[in-house]
Structure formats: structure tokens, C-alpha cells
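Working notes for the structure below.
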Amino acid sequence: MTEVVPPPSVEPAAPATLAAPTDPAAAAVPAAPAAAAPDPPARQTIDRLPPPGDPLENVRALLADGRASEALARLDAASSASPEASALRAAALQALGRHRDAILAWTAALDRQPDIAPWWVGLAISLEAEGRAHEALAAYARAARHGPLEPALADYLRGRVDALSAPSAR
């Protein structure tokens, strides 16, 4: 006869719990560190180009350097229709002595954003250059209302208003 041996009994493992030790000395002993998990494999990344900066930044720099023709060419290539682009176009045209075109560009900028005092001064300068003193005086007044202006520009504005308001200027 063959003896049948029952399989060994396997008791389920008790869940691990963290019980507060009752012995204060046992609490001071740090637990053994768990086995460190292996480092995950290095992640592969896709290099991305940084987000584009302000597209008008180069135009402003060119104008500040006195390179109005290059600034105008950049604006034409970018074909930006923002009010600031119109104002930069106006400033470039004004620097090139193209005041009629500058008046159109200043007007386009101010139609969309009429609260920018320096743009009103720019319009006034081109209007004055075209011999339209009365309109220039009105544009200078709008600039003063929409201020504040930087001190040098405010001084310029007051000087032009005084000159255009003088009896001999009429």
C-alpha cells in the first residue's frame, strides 16, 4: 500500500503593518533600509527649439541703432498686422523722411490702440513735417491727455505745443 502524503499546508502571509513599538528603546533603533530600487533607465528626450521671442524685438533694436531701412525691410518680411508693428513701421518711415506714409502707419496703429501717448507724438511730428500744424497741435494735445510721457518726450511736446501755438506760427 502506498501512503498518501498530504501537501504541506501553506498559510497566507500576514499583511505587513506598521505598529507603534511598545518598547521605547525599540523606537530609537532605525529600521533596516529596504533594498534600493534600481535606477530607471535614462529617459530619452527630444530637443526642442526654445519658444520664439518677440518677433518685433529685432525691429526695435534696428530702429534704436538708426537702421530704419533694415527695420522697415524686416517689418515688410514679417507682415505683422499688430498695432505695435504699425507703430514701428511708422517710426521707420518717419526716420526715413517718408512722413506721408508714416502718417498712415501712425493712424493705423492709433485706430487700434488709441491710448499710447508716444504714438500720438509720432503722428504729430509727421503731421508737422507735412505742414499740417493745426492737426499736429491736436495730436500733441491727445498725447498729453494719454500720458504719462518720459520727461524728455514731455519736454519736447511742451516745446512743440508752445511753438505751434505762438501767434507767428499761425
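No hydrogens, no waters, no symmetry mates; every other heavy atom, side chains included, goes into these values. Here the structure is a predicted model, which means the values were calculated and not measured.
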Tell me the side chain to side chain donor-acceptor pair (under 3.5 Å) pairs involving residues 102-121, sequence neighbours left out?
none

For Arg67, all residues meeting side-chain contact (heavy atoms from CB on, under 4.5 Å), sequence neighbours excluded:
Leu62, Asp65, Glu70

Considering all heavy atoms, the nearest Arg74-Asn58 contact:
NH1-CB, 3.2 Å

Can you list everything that forms a side chain to side chain donor-acceptor pair (under 3.5 Å) with Glu84? Sequence neighbours excluded, please.
Arg60

What verdict does the side-chain contact (heavy atoms from CB on, under 4.5 Å) test give for Ile125 and Arg160, after you've listed the backbone C-alpha separation in whole Å, the side-chain angles of each residue and the deciding distance to 0.1 Å?
CA-CA 9 Å; Ile125 290 168; Arg160 296 313 310 143; over 6 Å; no

Give the minimum heavy-atom separation between Ala144 and Leu157, together with the two atoms involved.
N-CD1, 4.0 Å

Indicate if Val161 and Leu153 have the same hydrophobic cluster label, given that clusters are the connected sets of ILVMFWY residues with side-chain heavy-atom separations under 4.5 angstrom.
yes

According to side-chain contact (heavy atoms from CB on, under 4.5 Å), who are the partners of Ala117, at least two apart in sequence or on a separate chain?
His146, Leu149

Kindly give the heavy-atom pair with the smallest separation between Ala68 and Leu63, and that separation in Å.
CA-CD2, 4.1 Å

Leu164 and Glu128: which non-hydrogen atoms are nearest, and at how many Å?
CD2-OE2, 3.8 Å

Can you pull the salt bridge (Lys or Arg N to Asp or Glu O under 4.0 Å) pairs that have at least one residue in residues 143-157, sequence neighbours excluded?
Asp155-Arg158

Does some side-chain heavy atom of Leu88 sit less than 4.5 Å from a side-chain heavy atom of Leu72?
no

Give the table of side-chain donor-acceptor pairs shorter than 3.5 Å for residues 90-105, with sequence neighbours excluded, one pair per line with atom names and distance.
{"unit_1": "Gln94", "atom_1": "NE2", "unit_2": "Gly122", "atom_2": "O", "d": "2.7"}
{"unit_1": "Gln94", "atom_1": "NE2", "unit_2": "Ser126", "atom_2": "OG", "d": "2.7"}
{"unit_1": "Arg98", "atom_1": "NE", "unit_2": "Asp101", "atom_2": "OD2", "d": "3.3"}
{"unit_1": "Arg98", "atom_1": "NH2", "unit_2": "Asp101", "atom_2": "OD2", "d": "3.0"}
{"unit_1": "His99", "atom_1": "ND1", "unit_2": "Ser126", "atom_2": "OG", "d": "3.0"}
{"unit_1": "Arg100", "atom_1": "NE", "unit_2": "Glu130", "atom_2": "OE1", "d": "3.1"}

Asp76 vs Arg89 side-chain heavy atoms within contact, under 4.5 Å
yes

